[in-house]
Amino acid sequence: MITDPPLRQTNCYARAASRPVQTLNCTVPAHGSTLAPMDMSASVPRTVLDRIGNTALLPLRRLTPRNGSRILLKLEDGNPTGSIKDRMALAMIEAAEADGRLQPGGRVVEYTGGSTGVSLALICAVKGYPLDIVSSDAFAAEKLAHMRALGAEVHVIASDQGRMTEKLTRDMIEAARVITTDTGGFWTDQLNNTDQLQAYHTMADEIWAQTDGRLDAFVQIVGTAASLRGNVEQLRKYNDSITMVAIEPAESAVLSGRPTGAHKIDGVGAGFVVPLWDDSVADAIELVSTEEATAMAVRLGTQEGLLAGTSTGANVVVALRMAERLPPTSTIVTVMCDTGMKYLSK
């Protein structure tokens, strides 16, 4: 069951035009008294990194299936950079710190469609690591600007007319390898790094608790495959009868055995079978075109008030498909991967 937390009642009010307009959580001391110092240790985070995770789970209200099923959207735009990638970036850095691969002040290197780079830029800024990012003009300009604003050095690889292709992915990987060799930095290497799976195990724990263990399907689009795989691994420990569904771009459906191609769904669909993919992870693979994903992202904004990107649009397209195939009153959980504020220029 998903419920809003109860509102706490107080006797303190902000007033405008002699009318109470907002209830405030405050206490006014008696005349001449003093307030004891407030213990902030439990409520105030040490750094912005403590705000990663524990995101909300929201039911869609207007984009709903006809058979009475529920679609619940995990709002990963609630993370500090507005992206699910904050989870995995922190996990990769902390694992490398723990085993000595990343030393204090050491340089970090990564290739990225943008969201992982923004998340790494945030974490490296807080922790004091210089960061080299390899990205491309195929991805949203907002992401490139965000990385730079957080102190990353961004190396931009030219794309084929702004499209995501296998060649572009491999060119970015090679550029990151060269930078790592030249600088002696620590390469997080997200396509191969299994340290990130633990971050998604934690996300699955959140989903299980937020649904009170009542979910029938989990749907997620595939980029590195880590978010799908990590959530699936943990959710199956709770209930192995949950239907797990992977999504890939229809124009480049390599997981389904089709030829590689070009698409414009940001940050997913690498154009080849990624190393973290495992055929046993998903019970089904669904295809969504760039056009379908874009149209649904627009509908999420205009009908649900959720400003999302195309990867989230694809997730909701398939969640609605699955709702029609599953028994009535089923619960399908999918992911709002990031905020659409990153894509306003596209």
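Values below: all heavy atoms of this structure, side chains included; hydrogens, waters and symmetry mates excluded.
- Counting all heavy atoms, side chain and backbone alike, S256 lies closest to I285 at OG-CG2, 3.5 Å.
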Margin query: Please evaluate residues M244 and R236 with respect to the criterion side chain to side chain contact (heavy atoms under 4.5 Å, CB included), reporting the C-alpha separation (whole Å), side-chain torsions for both, the decisive distance (0.1 Å), and the verdict.
Written below: CA-CA 9 Å; M244 308 297 184; R236 279 186 173 149; 3.6 Å; yes
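- The neighbour count for R258 CZ, taken as heavy atoms of other residues, nucleotides or ligands under 6.0 Å away, does not exceed 12.
- Checked by atom type, the side-chain pair D160/T165 shows no donor-acceptor distance below 3.5 Å.
- Note: T116 OG1 to Q190 CD = 4.0 Å, rounded to the nearest 0.5 Å.
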Next item on the list: Go through the steps for R170 and E166 under the test salt bridge (charged side-chain N to carboxylate O under 4.0 Å, His left out), then give the verdict.
Entry: CA-CA 6 Å; R170 296 195 184 280; E166 177 182 7; 3.0 Å; yes
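- Q220 places no side-chain N or O within 3.5 Å of a backbone atom of I247 that could act as its donor or acceptor partner.
- Residues D266 and T310 bring no donor and acceptor atom of their side chains to less than 3.5 Å of each other.
- When atom types are taken as modelled, the side chain of T331 and the backbone of L215 share no donor-acceptor pair closer than 3.5 angstrom.
- Using a 4.5 Å heavy-atom cutoff, the side chains of D132 and H155 are in contact.
- Under the 3.5 Å distance criterion, with hydrogens and angles disregarded, no donor-acceptor pair is assigned to the side chains of E251 and S289.
- Between F139 and T112, the closest side-chain pair of non-hydrogen atoms is not below 4.5 Å.
- In the hydrophobic clustering, M147 connects to V48, L49, I52, L90, I93, L102, V108, V118, L120, L122, I123, V126, Y129, L131, I133, L144, L150, V154, V156, F186, either directly or through intervening members, whenever side-chain heavy atoms lie under 4.5 Å apart.
- Considering only heavy atoms from C-beta on, D216 stays 4.5 Å or farther from I242 through its side chain.
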Note to self: Before you tell me yes or no, could you show the steps for K237 and E233 under salt bridge (charged side-chain N to carboxylate O under 4.0 Å, His left out), namely the whole-Å CA-CA distance, both residues' side-chain angles and the distance that decides it to 0.1 Å?
What the structure shows: CA-CA 7 Å; K237 291 179 181 178; E233 287 175 352; over 6 Å; no
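- Between the side chain of S252 and the main chain of T260, no donor-acceptor pair closer than 3.5 Å is present.
- Between the side chain of H146 and the backbone N or O of T81, no donor-acceptor pair lies under 3.5 Å.
- Nearest approach of G309 to A297, heavy atoms of both residues: O-CB, 3.6 Å.
- Hydrophobic clustering keeps Y238 apart from L197 (ILVMFWY residues linked when any side-chain heavy atoms are closer than 4.5 Å, directly or through intermediates).
- Using a 4.0 Å cut-off between charged side-chain N and carboxylate O, K74 and E206 make a salt bridge.
- Between Y111 and W187, the ring planes lie perpendicular to each other; the angle is over 60°, past the 30° to 60° tilted range.
- Two residues are said to be in side-chain contact when any heavy atoms from C-beta on lie closer than 4.5 Å; M203 and R87 meet this criterion.
- For the pair M322 and V219, the minimum side-chain heavy-atom distance is below 4.5 Å.
- I265 contributes atom CD1, which lies 8.5 Å from atom CD of E292 (distance to the nearest 0.5 angstrom).
- Using a cutoff of 4.0 Å between basic side-chain nitrogens and carboxylate oxygens, R61 and E304 are not scored as salt-bridged.
- In this structure, the separation between CG on N315 and CZ on F218 is 8.0 Å, given to the nearest 0.5 Å.
- In terms of modelled atom types and a separation under 3.5 Å, the side chain of Q303 and the main chain of L63 share no donor-acceptor contact.
- Taking CE of M341 as the start and CD of E142 as the end, the distance is 8.5 Å to the nearest 0.5 Å.
- Nearest approach of I221 to C337, heavy atoms of both residues: CG2-SG, 4.5 Å.
- Ion pairing of K85 with D338 is absent here, as no side-chain N (NZ or NE/NH1/NH2) approaches a carboxylate O to less than 4.0 Å.
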Checklist line | salt bridge (charged side-chain N to carboxylate O under 4.0 Å, His left out) between R163 and D137, intermediate numbers included | finding: CA-CA 9 Å; R163 301 181 300 170; D137 60 3; over 6 Å; no
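- Between V134 and I157 the shortest side-chain heavy-atom distance falls below 4.5 Å.
- With hydrophobic clusters built from ILVMFWY side chains whose heavy atoms lie under 4.5 angstrom apart, L60 does not share a cluster with L307.
- Residues L276 and M88 do not share a hydrophobic cluster, clusters being chains of Ile/Leu/Val/Met/Phe/Trp/Tyr side chains in contact below 4.5 Å.
- Connection of L320 to V298 is not established within any shared hydrophobic cluster, with ILVMFWY side chains joined at heavy-atom distances below 4.5 Å, either directly or through further cluster members.
- Considering all non-hydrogen atoms of both residues, N231 and A204 come closest at OD1-N, 3.2 Å.
- Here the side chain of S136 pairs a donor or acceptor atom with the backbone of A138 at under 3.5 angstrom.
- The backbone N or O of D86 lies less than 3.5 Å from a partner atom in the side chain of S119, making a donor-acceptor pair.
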Note to self: Pair R46, D50 - check salt bridge (charged side-chain N to carboxylate O under 4.0 Å, His left out), show working.
What the structure shows: CA-CA 7 Å; R46 296 167 301 161; D50 293 329; 3.2 Å; yes
Next item on the list: Take K342 and S83 through the test side chain to side chain contact (heavy atoms under 4.5 Å, CB included) and record every step on the way to the result.
Entry: CA-CA 10 Å; K342 299 183 177 188; S83 170; 3.3 Å; yes
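- With N67 contributing its side chain and A323 its backbone, the two residues share a donor-acceptor pair below 3.5 Å.
- Under a 3.5 Å cut-off, the side chain of E76 and the backbone N or O of V335 do not form any donor-acceptor pair.
- The shortest heavy-atom contact between T169 and A270 is OG1-O, 3.1 Å.
- The main-chain N or O of A176 is found under 3.5 Å from a side-chain atom of T180 such that the two form a donor-acceptor pair.
- Hydrophobic clustering of Ile, Leu, Val, Met, Phe, Trp and Tyr side chains at less than 4.5 Å, counting indirect connections, keeps Y343 apart from V317.
- Note that OG of S280 and CZ of R229 are 8.0 Å apart. Values are rounded to the nearest 0.5 Å.
- Residues K127 and E97 are paired through a salt bridge, judged by an N-O separation under 4.0 Å between the basic side chain and the carboxylate.
- Using a 4.5 Å cut-off on side-chain heavy atoms (C-beta onward), R321 and V288 make contact.
- Between the side chains of E110 and T188, at least one donor-acceptor pair of N or O atoms lies under 3.5 Å.
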Note to self: Quick one, E248 with V268, criterion side chain to side chain contact (heavy atoms under 4.5 Å, CB included). Give me CA distance, side-chain angles, the key distance, then yes/no.
What the structure shows: CA-CA 8 Å; E248 62 178 338; V268 301; over 6 Å; no
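- Counting non-hydrogen atoms of other residues, nucleotides and ligands closer than 6.0 Å to CD of E291 gives a total of 12 or fewer.
- Nearest heavy-atom pair, L72 versus R70, reported as atom, atom and distance to 0.1 Å: CD1-NH2, 3.9 Å.
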Item checked: Residues L306, L58; criterion side chain to side chain contact (heavy atoms under 4.5 Å, CB included); working and verdict -> CA-CA 10 Å; L306 297 170; L58 184 76; 4.1 Å; yes
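- At least one side-chain heavy atom of T243 sits less than 4.5 Å from a side-chain heavy atom of V245.
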